Protein chains: 2
Amino acid sequence: MASVSRALNGGRGVTAETSERIREAAARLRYMPHAAARMLITRRTNTVGALLPDLYGEFFSELIRGIDLAARARGLHLLVSSSHDGAEDAAAALRSMQGRVDGLLIMSAHLDTAFLHANLPASVPAVLLNSGVKSASYAVLNIDNYGGAYAMVRHLLEAGRADVTFIAGPAGNFDAQQRELGYRAAMAKYAPHAPLDVVAGDFNEESGYLAGQQLVARKQRPSAVFAANDMMAVGCLYAFKDAGVDVPREIALAGFDDIPIARYVTPPLSTVRVRIVDLGRSALEQLAAMLEEPRQDAASIHTLDCEIVTRETCGAARQPTTTTGKVFDSGRRPSDTGGKS
Amino acid sequence: MASVSRALNGGRGVTAETSERIREAAARLRYMPHAAARMLITRRTNTVGALLPDLYGEFFSELIRGIDLAARARGLHLLVSSSHDGAEDAAAALRSMQGRVDGLLIMSAHLDTAFLHANLPASVPAVLLNSGVKSASYAVLNIDNYGGAYAMVRHLLEAGRADVTFIAGPAGNFDAQQRELGYRAAMAKYAPHAPLDVVAGDFNEESGYLAGQQLVARKQRPSAVFAANDMMAVGCLYAFKDAGVDVPREIALAGFDDIPIARYVTPPLSTVRVRIVDLGRSALEQLAAMLEEPRQDAASIHTLDCEIVTRETCGAARQPTTTTGKVFDSGRRPSDTGGKS
DNA sequence: GGCGGCAACGTAAACGTTTTCATGGCGACA
DNA sequence: TGTCGCCATGAAAACGTTTACGTTGCCGCC
C-alpha cells in the first residue's frame, strides 16, 4: 500500500494519525521492508563497497574502522572485499560488486587508468586511496607520504646527523615512491653536499634486517637511517642490535607508519604517524558527498597530513635516558585520538 | 528473456549454440544482471553479514581476513558492521542487516539469548563467535580459552615455578572467564597446595602495568604471572622492568593471544597463540554449510585449539641467551601459516 | 504417414517495494 | 449554496530478474 511506504519513509502527504497507526501496526507485525525490492525500484543500495588489497595488520583494521564508523553515521552499509593478490582477482571482485553498491572505495596495487576503465563503469562513483592515478574521472585521497618523509629527513638532519641513508620500499609501490621522493627532496635542501644513499627493501621486516646488516658491514657507516616503513625499520634495528651498534648514539633510525609495534621495541622507534582511521573516514565522506551530488565531476586529489613522532631511535627524544620509561598518557594508540578528531 | 537467464546461470534446457550466442552478446553489451532484481525473486542475497564489536588491532583484521578469504572461495559477499559499543547499537545494526544477508556471523559482548531472540528472526542462520550462549537455535564457535590457559599454567608450573598469579580480564567477558577457569583448573591439578592468586585487570595495557606494580610491591612476590591477554602482559612486563625485576629469572611471565607485539618486546613474550584467521574461516564455512543445508538444526558448539608459544619471558625458551637473536624462519606471523593450513 | 513425446524456446506471472496518477472528500471562497 | 482546489488515500505501473507453463517443431516409432 502506498500510504505505508509514505508513512515509513518520507511521511509527506500522510496524516499524522494515519502515519501513527501504520507505524504501530508495522511494529506489532515486526514488519521489515524487503531490501531487495526497495533497491530494485529505487536504484539505490545504500551500500558502499570497499575494495582492498591483501592487507595485513593494523593498517587494515584501522582503515576499515574509519570507513565503517563514517558509513554507519551516514546510514550506509559496507561491503568489503579484501585479499586480492593479482590484478585479475581484483578485477573479478570489482565486477562482482556491480549493482550491489552505490559507490566504491578502492585501494589496490594494480590500479592504473586502463585497469579502471576496463572494469569500472563510469556510472559508479569511486574514491581511490593511496593511488598514483591522475584520472579526470575519479577522486583520489592520498597520505602525505612525500611531506612526512621530507619532515622526518629534515628532522634527522637538523638533529645533527650528517647524512641519512634511505631503505626503499617495493619498486612499484606508490607510497614507497612518494616517500623516496620526500627523502631526496629533503636531502637536496638540507644536506646538499651529503651523498644520496638508497638501499633496497620491500616493506618486510627481513629486508630491513638485511639492509641493516649491509650498512654495518660498510667501512663508512651512515649516521642515520630512514626506512620507508616501520617493519623495515624494526628489522634494521634488530640488525643493529645484533651487530652491537648503539641506537641512536652511533646511528639514528626512523620509520614510517607508526604501527603499534614501534612503541614497544627497544629503544622505541621514531616514526611518521599516519592517521589511518581518518583516512578511511575521509574517503567514505568524500564518496558519500559524491553520491549526494552526482553532478559535480568528482575529479580531485586530496592529501592527508602526517606527523612525525620522535621517540628514542632518532636521538632527539625529550627523555634521553636509555631506560624505557612507560608513560601512558603519551602512549595511547593513534587510533584513539584519531577516532575523536 | 527466459533463455538468457538459463544460458547465463544453469545452462539447462538450452542449446550449446544458443547459449554461446547469448553469452557472446552479453559480453559485447557488457550486460550485468541486476543484483537486486535477482535477490528479489530468488530470495537469496549471496551475502553474509559480519557483526563485530568495536575491535581494535590485529585480531580484527585477521578475523575479517579469514572470513573474507572463505567467503570469496564460496562466492559469497561480505557485509561488515563493526564498532558497536552498546547493545542498542548492535541491535540496530542487526536489524538493519535484515534481508540484505542470507546469514550472520556474530561476535558481540552484548550477546545473550534474550538479545538474540529479540533482534534476530529465527529464519536467518547465524554463527556466534566467542560466545557463552548455549541456545538450541544457534551454532557457536569458540576459541579454546580454557584449554590454552590450562596448558600455559601447567607449562609454567612444570618449568619449576612454585606459584602462578593470574591477571584477570573484564568481569563480563566470556573469553576472560574461560581463561580464568583454565587457570584455576590447572592450579588445582598441578599445584594443589599453592594459593590461587587473581588480581584485577581489564585487558588494557595500563591495567597490566598497575597489576605489575602491585605485585612487585608485595613482600612475597610471585614466581610467575599469567595475564589473561598479551596487552596486560606487556604492561606488566614494563612494570617489572621499571622496578628492576629480572624477567624471567625472578618472575616468569606469559600472556594470551600472540599479538604481533609479543615478539618484539624485550624479552619476547611467551603466550598462547590463537589462529584467528582459522577462526574466521571456520565460522564462515560453518555458516555456508548451514545455508546449503537448512534442514539440520544447526545447534552446535565447536572449539578451536590454541597452542602455547614459549619465548623468553617464561624462562623455558630453547635459546636461553639474554640477547634478542632474530631468527626469521621462526618469526613468521601466525597468520602466514594459518593462511595456508 | 500420422501421432506421440520430448526438448528448446518464448510468454507471462511473480517477487515487494516506490511512485505516479486518479479519485474522492472536505474546506474555503465567491 | 455551489464550485474550485487541495490534500489524503488507494489503485496500478514499474523496476529486472527467475521460473512455471505453454507452444512449437522435430524426431522416432508404430
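Because the structure is predicted, anything quoted here is derived from the model rather than measured. By convention in this document, chain letters (A, B, ...) are assigned in the order of the sequence lines, proteins followed by strands, and residues within each chain are numbered from 1.
Considering all non-hydrogen atoms of both residues, A:H117 and A:Y138 come closest at N-OH, 4.4 Å.
No side-chain donor-acceptor contact under 3.5 Å links A:R65 and A:S61. With hydrogens and angles left out, the side-chain atoms of B:R43 and A:H34 include a donor and acceptor closer than 3.5 Å. A side-chain donor from one of A:D102 and A:T45 sits under 3.5 Å from a side-chain acceptor of the other.
Put simply, the side chain of A:D278 reaches to within 4.5 Å of the side chain of A:L304, judged on heavy atoms. Within the 4.5 Å cutoff, no side-chain heavy atoms of B:F203 are placed close to those of B:D257.
Applying the 4.0 Å criterion to OP1 and OP2 of C:dC9, one finds that B:T15 has a side-chain N or O inside that range.
Here the side chain of A:H302 pairs no donor or acceptor atom with the backbone of A:S300 at under 3.5 angstrom.
Among residues two or more places apart in sequence or in another chain, the side chain to side chain donor-acceptor pair (under 3.5 Å) test is passed with B:S3 by none. Partners of A:S83 under the side chain to side chain donor-acceptor pair (under 3.5 Å) rule, at least two apart in sequence or in another chain, are B:D68. Considering only residues two or more places apart in sequence or on other chains, B:S96 meets the side chain to side chain donor-acceptor pair (under 3.5 Å) condition with none of them.
Computed from C1' positions of five pairs at each end, the angle between the two local axes of the helix from C:dG1-D:dC30 to C:dA30-D:dT1 equals 50°, rounded to 10 degrees.
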Check the interface with nucleotides 16-19 of chain D: list each N/O to N/O pair with the protein under 3.5 Å, or write none.
residue	atom	partner	partner atom	Å
D:dG16	OP1	A:R43	NH2	2.2
D:dT17	OP1	B:Y31	OH	2.9
D:dT17	OP1	B:H34	N	2.8
D:dT17	OP2	B:Y31	OH	3.4
D:dT17	O5'	B:Y31	OH	3.2
D:dT18	OP1	B:N9	ND2	2.7
D:dT18	OP1	B:R38	NE	3.2
D:dT18	OP2	B:S5	OG	2.7
D:dT18	O5'	B:S5	OG	3.4

Could you list the protein-to-nucleotides 22-26 of chain C atom pairs, N/O on both sides, closer than 3.5 Å?
none

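Between the CG atom of A:L8 and the C1' atom of C:dT19 there is a distance of 16 Å, rounded to whole Å. Atom pair A:M39:CE and C:dT19:P shows a separation of 15 Å (rounding to whole Å applied).
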